[in-house]
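Chain identifiers are assigned alphabetically (A, B, ...) following the order of the sequence lines, protein sequences preceding nucleic acid strands; residue numbering begins at 1 within each chain.
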Number of protein chains: 2
Amino acid sequence: MSTTLPPVRPPTLRDVALGAGVHPATASRALNPATRPLVNTETASRVLRVAESLGYRPNPIARSLKTSRSATVGLVIPDLTNPLFPPIVRGIEDVLGPAGYNAWLVNTDNDADREESLIDSLRSRQVEGLIVATARLQHPLLDRLHAEGVRMVLINRRTANADLPSVTGDDATGVATAVAHLADLGHRRIVHLAGPQNTSTGLVRHRAFLQALRDHGLDDDLGLVAQCASWSEEEGARALRELLDAGREFTAVIAGNDLLALGCYDVFAERGIECPRDLSVVGFNDMPFIDKLRPPLTSVRVPHYELGSEAARMLLEGLRSPTWQVRSVLLPLTLTRRQSTGPPRHTPAENLG
Amino acid sequence: MSTTLPPVRPPTLRDVALGAGVHPATASRALNPATRPLVNTETASRVLRVAESLGYRPNPIARSLKTSRSATVGLVIPDLTNPLFPPIVRGIEDVLGPAGYNAWLVNTDNDADREESLIDSLRSRQVEGLIVATARLQHPLLDRLHAEGVRMVLINRRTANADLPSVTGDDATGVATAVAHLADLGHRRIVHLAGPQNTSTGLVRHRAFLQALRDHGLDDDLGLVAQCASWSEEEGARALRELLDAGREFTAVIAGNDLLALGCYDVFAERGIECPRDLSVVGFNDMPFIDKLRPPLTSVRVPHYELGSEAARMLLEGLRSPTWQVRSVLLPLTLTRRQSTGPPRHTPAENLG
DNA sequence: GCCCGTAGCGCAATCGATTGCGGACCCGGT
DNA sequence: ACCGGGTCCGCAATCGATTGCGCTACGGGC
């Protein structure tokens, strides 16, 4: 007759210790490679055997409570359904996982209050560091966290405060490459759909665009930039319509990102504009499936997966060393040429409309 | 002269109790709405005031250790970069969040070993339940978990074992709608690119396809189904090529999902097939951006966000009630008609090749 | 004036693992 | 026989919150 079993409680350290005939403290030391030298080799292997046979798995919650470490980092992104982010997340997880860490993911929906409360809850869950993809140029919350000594890496976007370590694409060079590509094709009047100027990506791409025009001896007429209030299809469409309606003359568009470029496609359909014959378009990011569009979109490729993995590596490094060399990394971008760009049909002087 | 402060330790329950001049136990009861009636109203509000002023936040780790609840559920998906999943994840989080729960996400990459070890690690982190999107028809691991009493909801796919609660789309009706649409357009010979038959979605759609053909008085020749080994573009392309090379006669394709349909687009480009003039295609899932393809893809829309939110609601219910009424839900699907489907150019008897 | 019911709170154990401190023991040297 | 120095290991506190149990008052009923 067997003793009655409590509903299959998973084995604890105490159970292992009992089985091996040692004190829980000894079992703990035997199980931890770092403290194993403190216990007799034979005892240690006995403990390990028992742990194995019992299927013992340390309780990370109890461990966290005592050590106040959680083997977890917080991952703050605007919105997971934006196709930009899944590859970033995978890149992060693929580095964190082998290092014994996990990522805890939250979506802020670009809402600053939500962001603050979510980061709060991450911190109370003892995350050891943060990877933040929601940086705005002015971002008091992030400045404050940094001042409090929170380990943190910005990804994809940066703040104006360069003290915060970051991993981003080399947007300036990316834009320059796009302008060079269009100039090579013969375009002389190129417009830019600029993303939100309170984000580093929006601002840097905008400035780089103007600089690149000058470098190619092209006119940097301010009317050749349209501001978009958000990185969305709708805003891209709105901005392009505005430029067309204003009667601006141009033969190519550099969109601040692929979603803005998608908005352009909507306008093409609306107004019977043929791309690239009437108008060339370059996107930014090279999102998944963008090569299946009509026509396939030429886009500046951003290595999102690598952005993620690099940020994770950087954060892990920061977590290990108490004194952390803050640095920021720019990853190189490349232009993926597809069929949305071609030589201009009109001479620069002609009006498209 | 101030006493030296330890590096800003966040306030604990003990600090609150001290400040309010009560025992930690009383403070705990005052803070918890469920036990608050046990303490004098005035005392309770004093505790709340002190907690507020100290910025007290309960330590979820300590709480979890004691209560062995974690306010966390595990979310097991194959691969976050598959555009199917982000909306599901958002649906889940949007329900879990307000209920005080969080989701812990893992990617299995469709690897059974990886899946097992990830679920293991989720369980050792005390997740209270699982939402699983990686079900295969035969899935001993899930059967075992269910037998062990793990709270679990399957999403998107099911197992053969109907004991496991699930939330999926009504695939059979969805396929029937697609077949009806094509039949209405005049198609008589329709092929199906069937997804992996070890998944419920693959099998159900396949069977429903054959049934729908019969219902419409169409030939259900077995040669009109091509098997795909995975839900990928490459497999979709391979399968379509195979059908074409075999000289099969058909005017329309129902792809097991949108990725398989994308593979068809690749073959169209390769072989100069014009869609929908030469061949109509229907996808399945209605992924984001699929309306931007060339031509925009007709697809059976699956409400992924709702799949997620419904699964989360169901799981929460299961977590609250000790006796759980297991049930499974089929969400209705609708056909989104776009330009990849049109009337057949050839009579059924003619060969496309 | 005595007893009992009840409201309000405190005591201490508990969840499971970690770790500083010190005790037991062994061994060799003198 | 005694001592010093290691090696191994156990004791007990600790992380922070929760909770069963029981104590103290107080008030009303007889």
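Within the 4.0 Å cut-off from OP1 or OP2 of D:dT18, at least one side-chain nitrogen or oxygen of B:Arg63 is found. Taking side-chain N and O atoms only, A:Ser28 has a distance below 4.0 Å to OP1 or OP2 of C:dT18.
B:Thr43 comes within contact range of the sugar-phosphate backbone alone, with a heavy-atom separation under 4.0 Å but no base atom that close. Within the nucleic acid shown, A:Ser68 has no heavy atom closer than 4.0 Å to any nucleic acid atom.
Side-chain contact between B:Thr72 and B:Gln126 is absent, with no heavy atoms from C-beta onward closer than 4.5 Å.
Between B:Val39 and B:Thr67, the residue whose closest nucleotide on DNA chain C is further toward the 5' end is B:Val39. Summary of the strand contacts: A:Pro58 and B:Ala27 both lie near DNA chain C, and taking for each the nucleotide with the nearest heavy atom, the more 5' one is attributed to B:Ala27.
In this structure, B:Lys66 atom NZ and C:dA13 atom P are separated by 12 Å, rounded to whole Å. For the pair B:Leu38 CG and D:dG22 P, the interatomic distance rounds to 17 Å; values are reported in whole Å. The distance between atom CD of B:Glu42 and atom C1' of C:dC9, rounded to the nearest whole Å, is 14 Å. Here the P atom of nucleotide C:dA24 and the NE2 atom of A:His23 are 15 Å apart, to the nearest Å. Nucleotide D:dC9 holds its C1' atom 16 Å from the CG atom of A:Asn32, rounded to whole Å. Atom-to-atom, CZ of B:Arg14 to P of D:dT14 comes out at 9 Å; the value is rounded to the nearest Å. Here the C1' atom of nucleotide D:dT18 and the CG atom of A:Leu65 are 12 Å apart, to the nearest Å. Between the CD1 atom of A:Ile61 and the C1' atom of C:dG16 there is a distance of 10 Å, given to the nearest Å.
Under a cut-off of 6.0 angstrom, the local environment of CZ in B:Arg14 is sparse, with at most 12 non-hydrogen atoms contributed by other residues, nucleotides or ligands. Counting heavy-atom neighbours within 6.0 Å of B:Glu148 CD, excluding the residue itself, gives a total above 12.
Ranking D:dC11, C:dT18, C:dC11 by closeness to the A:Ala25 side chain, first place goes to D:dC11. Proximity note for B:Thr26 (side chain, C-beta onward) versus C:dG16, C:dG10, C:dT14: the nearest is C:dG10.
Evaluation of atom-type donor-acceptor distances gives a pair under 3.5 Å for the side chain of A:Arg29 against the base of D:dG10.
Judged by distance alone, the side chain of A:Ser166 and the main-chain N or O of A:Arg158 form no donor-acceptor pair under 3.5 Å. Looking only at distances, no side-chain donor or acceptor of B:Arg36 sits under 3.5 Å from a matching main-chain atom of B:Arg29.
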